[in-house]
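To keep things clear, I will list the structure first and then write my remarks on it.
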Amino acid sequence: MKISFENAKEIKTLKGFGGSACWWSPQVKSEKTADEIANLLYGDDGLKMNIYRFNVGGGYEKDNLRIENPWRYVESFMNKDGTFDYSKDKYAVKMMKKCLKLGNIDTLIFFANSPHFTQTVTGQTSGGFTEHFSNLDKSKYEDFAKYLIDIAEHFIKEGYPVKYISPINEPQWKWGGESVWQEGCHYEPKEVYDCFLEFAKELEKRKSSLKLYGPESGNIKDHTKEYYKLLSSNELIMKYLDTFAYHSYGSDENVGEKVEFGKWAKKNIKTPRFDMSEWCELPCKHDTKSVESSLIMARIIGEDLIYTGVDSWSAWVCVNQWDNYSDGFLVAKDDFSDYYVAKRYYAMAHFSKYIHKGSKSLDIDFNTSRGFSVFAFEINESKKAIVAVNNSKAKRTLEFDKVFNDCDFIETTQSFNLKETKMQNVKKLDIKPMSLVTVILK
């Protein structure tokens, strides 16, 4: 298979990679463990990610709580009487501070899965008592905006570089009904618009430096285009909507959907930034220790960057519970008495460690075929990069249109992770079956 950079078309200048601190970060009580995890995720020797999504919990009352998993409901900084207590959710704040201190984070997003429980119809953050019912009280839109902006501005005053607030998360899902499992709030498209308008009005009133991020649609289908059409119809919303962001669920096996959405986005989305802000494998078909889990994640990252044309890519939770799901970079016991690095960690590493912010995604007109994908980037004028994902049982050979003097070949298989090999005078490369490689070409 031939690879040519000669007529490559620039897609985007990348704004980086990240993950969410939701649910897991409040559980890390040990200082030593917190330092280890911060370094694994945001340190120079770790993933070196630059985007951090901090979850602003909606709070709860123990006698009015239907969520059973203690990881899935979160303390709020606001008390029931409307006063604030910033000693709450202290371990999540400590983790954020540790990650920031490592010096790589430049994008800090405060996002809410639900409004505060006092602003909901049910008095709960897990959605309505019926499905597809907006749990945000119609009379509390302004209160919700003030509450979330107050929290973000408090942390700005404390020296935390909060750039964005994201008030809505996956608005189209049913959130609520008889069975609930986490914080969440449903919004109809017009309610998404109304909510963002209230936030824009409050930001304008305060002349705030904060920008809006979202609405974090759960996929590229459903109402995603409608959300953008509604939001972009209002000048004040667009003044503050710096980033139109979505989640990449539901199209894992349909590259055509991503190509189509990417073409629409290129033509229509006019916000300064266009982000893929959350993905994990759903359902999680692969074991946390299998290379297959790494291969699918790497393929999705590449497809979203190249075919959909996003500016940045962020994973869902950085850490998942030991016996629940398998969607994190790390897997931990509930109390973090033990944890290990999942194979998915290395999928992100193949991008975030080597293809840094400021690199350019490139269209080299390579079509994914028979379980083999190749994604191209320009790191700078003298360095090109490819990430190749071989999710097949056969060896694949890449042939370049010119000889590269120097080559860094970084490889992950079931047997090893990020194995680095230096090569010279490279014209061809063999990609092993069931392997993931990043190649830096000079």
Side-chain angles (χ1 to χ4, degrees), residues 1-8 47 251-256 258-259 281 284-307 313 326 329 341-355 359 361-379 383-442:
M1 296 183 180
K2 290 197 173 181
I3 300 291
S4 174
F5 291 99
E6 184 68 28
N7 297 309
L47 293 179
S251 299
D252 293 357
E253 305 305 324
N254 195 330
V255 176
K258 296 186 179 188
V259 171
E281 185 186 5
C284 296
K285 299 175 183 176
H286 299 104
D287 185 85
T288 55
K289 297 178 181 179
S290 73
V291 73
E292 287 92 342
S293 67
S294 190
L295 296 176
I296 186 174
M297 184 174 220
R299 175 173 63 81
I300 298 301
I301 295 173
E303 289 176 354
D304 290 338
L305 292 174
I306 303 302
Y307 300 132
W313 199 96
S326 58
F329 298 134
V341 176
K343 203 73 174 180
R344 282 188 177 89
Y345 179 92
Y346 302 101
M348 176 60 90
H350 272 272
F351 289 89
S352 61
K353 281 179 72 69
Y354 306 102
I355 302 164
S359 300
S361 50
L362 301 176
D363 179 1
I364 56 170
D365 198 26
F366 185 96
N367 294 318
T368 296
S369 64
R370 294 180 292 127
F372 188 57
S373 305
V374 177
F375 310 107
F377 306 89
E378 179 180 286
I379 297 174
K383 283 186 186 179
K384 301 291 193 296
I386 63 165
V387 177
V389 184
N390 188 2
N391 194 16
S392 76
K393 305 296 183 183
K395 179 186 77 173
R396 301 301 174 91
T397 299
L398 293 178
E399 182 177 355
F400 299 102
D401 61 347
K402 58 174 275 191
V403 175
F404 287 92
N405 296 330
D406 294 290
C407 167
D408 296 335
F409 188 85
I410 303 103
E411 184 180 25
T412 294
T413 68
Q414 186 64 59
S415 303
F416 51 77
N417 305 308
L418 304 179
K419 179 182 176 183
E420 296 195 21
T421 305
K422 299 282 187 183
M423 301 179 183
Q424 291 183 318
N425 300 319
V426 173
K427 178 79 185 235
K428 288 184 179 181
L429 288 172
D430 288 333
I431 313 298
K432 293 175 185 173
M434 303 303 290
S435 74
L436 167 60
V437 304
T438 297
V439 184
I440 311 297
L441 300 155
K442 309 166 193 175

- prompt: Would you say Lys343's side chain and Thr413's backbone share a donor-acceptor pair under 3.5 angstrom?
  reply: yes
Do other residues, nucleotides or ligands put more than 12 heavy atoms under 6.0 Å from the NZ atom of Lys427? yes
For Ile306 and Ala376 the tightest heavy-atom approach is CD1-O, 3.8 Å
Sequence neighbours excluded, the answer for salt bridge (Lys or Arg N to Asp or Glu O under 4.0 Å) partners of Lys285 is none
If we only count heavy atoms from C-beta on, is the Phe409 to Val426 side-chain gap below 4.5 Å?
no
Please determine whether a side-chain nitrogen of the Lys or Arg among Lys258 and Asp304 lies less than 4.0 Å from a carboxylate oxygen of the Asp or Glu. yes
message = Just so I know, are the side chains of Phe377 and Val387 near enough to count as touching, which here means a heavy-atom distance under 4.5 Å?
response = yes
**OP:** Tell me, with the steps shown, if Asn405 and Asn425 meet side-chain contact (heavy atoms from CB on, under 4.5 Å).
**Re:** CA-CA 4 Å; Asn405 296 330; Asn425 300 319; 4.2 Å; yes
Here the gap from Leu429 atom CG to Phe404 atom CZ, rounded to the nearest 0.5 Å, amounts to 10.0 Å
Worksheet item: Counting N and O atoms only, with roles assigned by atom type, does the side chain of Arg299 sit under 3.5 Å from a partner on the main chain of Asp252, one being a donor and the other an acceptor?
Response: yes
Here the pair of heavy atoms bringing Ala347 nearest to Leu436 is CA-CD2, 3.9 Å
Are the side chains of Val437 and Ile386 in contact, using a 4.5 Å heavy-atom criterion? no
Any non-hydrogen side-chain atom of Asp401 less than 4.5 Å from a side-chain atom of Lys2? no
Between Val389 and Leu295, the two heavy atoms sitting closest are CG1-O, 3.5 Å
In this structure, CD1 of Ile3 is separated from CD of Glu399 (nearest 0.5 Å) by 10.5 Å
For the side chain of Thr412 and the backbone of Leu418, is there at least one donor-acceptor N/O pair under 3.5 Å apart? yes
For Phe5 and Leu362 the tightest heavy-atom approach is CD2-CD1, 4.0 Å
Find out whether Val255 and Tyr307 are in side-chain contact, i.e. whether some heavy atom of one side chain is under 4.5 Å from a heavy atom of the other.
yes
In terms of heavy-atom contacts, Ser359 and Ile379 come closest through OG-CA, 3.7 Å
Shortest non-hydrogen pair, Asn390 vs Lys432, comes out as ND2-O, 2.9 Å
_Side chain proximity check, Met297 to Phe329, heavy atoms < 4.5 angstrom_ = yes
For Lys289, the side chain to side chain contact (heavy atoms under 4.5 Å, CB included) test, sequence neighbours excluded, returns Asp287, Tyr340
task: Evaluate the criterion side-chain contact (heavy atoms from CB on, under 4.5 Å) for residue pair Leu305 and Phe351; output intermediate values, then yes/no.
output: CA-CA 11 Å; Leu305 292 174; Phe351 289 89; 4.2 Å; yes
### Query
Is a side-chain donor or acceptor of Ser435 paired with a backbone partner of Ile431 at a separation under 3.5 angstrom?
no
Stepwise, does the side-chain contact (heavy atoms from CB on, under 4.5 Å) test hold for Val341 with Tyr346? CA-CA 9 Å; Val341 176; Tyr346 302 101; 3.7 Å; yes
* Asked: Do Arg344 and Ser326 come within less than 4.5 Å of each other through their side chains, counting heavy atoms only?
  -> yes
The ring-ring contact (aromatic ring centres under 6.0 Å, His included) partners of Tyr354 (sequence neighbours excluded) come to none
One should read off an interatomic distance between Ser294 OG and His350 NE2, to the nearest 0.5 angstrom, of 6.5 Å
Rounded to the nearest 0.5 angstrom, the CD1-CZ distance for Ile301 and Phe375 is 9.5 Å
To the nearest 0.5 Å, atom NZ of Lys383 lies from atom CG of Asp406 at 10.0 Å
query: So, do Gln414 and Met434 sit near enough that their side-chain heavy atoms are less than 4.5 Å apart?
result: no
inquiry  = Taking Asp408 first and then Lys422, would you say they form a salt bridge - that is, a charged N and a carboxylate O separated by under 4.0 Å?
reply    = yes
When you measure from the side chain of Glu411 to the backbone N and O of Lys419, does any donor-acceptor pair fall under 3.5 Å?
no
